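Just below is one structure, and these are the notes that go with it.
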There are 2 protein chains.
Amino acid sequence: MIRRILGIDPGSRITGFGVIELKEKRQPCCLLGGCIRLGAKEMPLRLGQLFTQIQDIVKQFKPTELAIEQVFVQKNALSALKLGQARGVCIAAAMSLNMPVYEYAPKQIKQAITGKGNADKSQIQHMIQILLTLNVKPQADAADALAVALCHSHMLGLDK
Amino acid sequence: MIRRILGIDPGSRITGFGVIELKEKRQPCCLLGGCIRLGAKEMPLRLGQLFTQIQDIVKQFKPTELAIEQVFVQKNALSALKLGQARGVCIAAAMSLNMPVYEYAPKQIKQAITGKGNADKSQIQHMIQILLTLNVKPQADAADALAVALCHSHMLGLDK
């Protein structure tokens, strides 16, 4: 059975995304990685754009599930609110197309990808490039999105 | 021209909603008011339920626009994140059905409904009952949702 995992690293300005494909007894394969930049439009328009672009990815690549970072702490309440809005939109985009959603804590993701729960962004980028045998180092938000997708596949034991 | 405004007061546990109809030279009329209780399910399931129920209301009542409270300050970052998620889902539900979204600050809404920017919840409920000639006092979250819808109609000069 082939499974495709959509990983998302939501943000109020930049949202990273990535799709990995898992086939039995094969290395996970990266189908897509990138980021959505929401620019300086009014917030409802940004959220509408984010919703549409996530749904477009889902319709095109047909992932079977969504893996998304679980956020606990934010610097301040306003940035938490903005992040929450983007996160809610991404989850709604997946749920409205009947995809199950899995949440992983940042530490869990870093541990799964680098073996260390406090790894920094550049370590994540480095390990994602190696684990998915990418020709170039992925952009930071795309790497975080691919990391949560890979973390989900680790948890399912699908990449063994 | 008939306009219908969907007002939403989003919350991570309870989301108030209300639909008012505006016809030229008539008092605004309440078509619907109520609240969605999300229960104790996992967060993605709650957000998926919220998205579906808001879209169901839109499909049934065909509002022409969404008015939603603009939130600035929250007690703490975690509650801001949760509120943001619910808010993002409501905005995405409207935007994905091509409804324009209007945001109003809490002070602006209270001022429009009660004449005082620091009115309390019971004043809002009282004034909503009077302004929309309701037989019973509306539930608090439904009243807040109808308040932001009425505030939008005031701003547009549609209820004059």
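Throughout, a chain's letter reflects where its sequence line sits, starting with A, and its residues are numbered from 1. Just so it is clear, the values below take in all heavy atoms, side chains as well, and ignore hydrogens, waters and symmetry mates. Owing to the predicted nature of the structure, the values given are computational and were not obtained by experimental measurement.
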Next item on the list: Taking heavy atoms only and a threshold strictly under 4.5 Å, list by residue number the residues of residues 95-114 of chain B that touch chain A; give 'none' if the list is empty.
Entry: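 Against chain A, the residues of residues 95-114 of chain B that fall inside the cut-off (heavy atoms, under 4.5 Å) are Met95(B), Ser96(B), Val101(B), Glu103(B).
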Tell me whether [X] shares a hydrophobic cluster with [Y], the cluster being built from Ile, Leu, Val, Met, Phe, Trp, Tyr side chains joined at under 4.5 Å.
{"X": "Ile54(A)", "Y": "Leu31(A)", "value": "yes"}
{"X": "Ile5(B)", "Y": "Ile8(B)", "value": "no"}
{"X": "Phe61(B)", "Y": "Ile91(B)", "value": "yes"}
{"X": "Ile14(B)", "Y": "Phe17(B)", "value": "no"}
{"X": "Phe51(A)", "Y": "Leu38(A)", "value": "yes"}

Note to self: Please identify, among Ala93(B), Pro44(B), Ala94(B), Pro10(B), the residue contributing the most non-hydrogen atom pairs under 4.5 Å to chain A.
What the structure shows: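 Counting heavy-atom pairs under 4.5 Å, the top option is Pro44(B).
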Checklist line | Heavy-atom pair count under 4.5 Å with chain A, highest-scoring of Gly88(B), Gly84(B), Gly48(B) | finding: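 Heavy-atom pair counts peak at Gly84(B).
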Item checked: Sorted by number, residues from residues 119-139 of chain A in contact with chain B (heavy atoms, under 4.5 Å) ->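 Checking residues 119-139 of chain A against chain B gives no residue, so none.
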Note to self: Looking at every non-hydrogen atom in both residues, tell me the closest pair between Leu81(A) and Val71(B) and how far apart they are.
What the structure shows: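 That would be CD2-O, 3.5 Å.
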Next item on the list: Of all the heavy-atom pairs spanning Ala77(B) and Ala80(A), show the shortest one and how long it is.
Entry: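 Taking every non-hydrogen atom into account, O-CB, 3.2 Å.
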Margin query: Does any backbone or side-chain atom of Leu66(B) lie under 4.5 Å from a heavy atom of chain A? Answer side chain, backbone, both or neither.
Written below: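 Contact with chain A: none, neither part.
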Margin query: Quick check on Ile68(A) against chain B: is it the side chain, the backbone, both or neither that has a heavy atom closer than 4.5 Å?
Written below: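 Answer is neither: Ile68(A) stays 4.5 Å or more from chain B.
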Item checked: Atom CZ of Arg4(B) with >12 non-hydrogen neighbours under 6.0 angstrom ->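 It does: Arg4(B) CZ has more than 12 such atoms within range.
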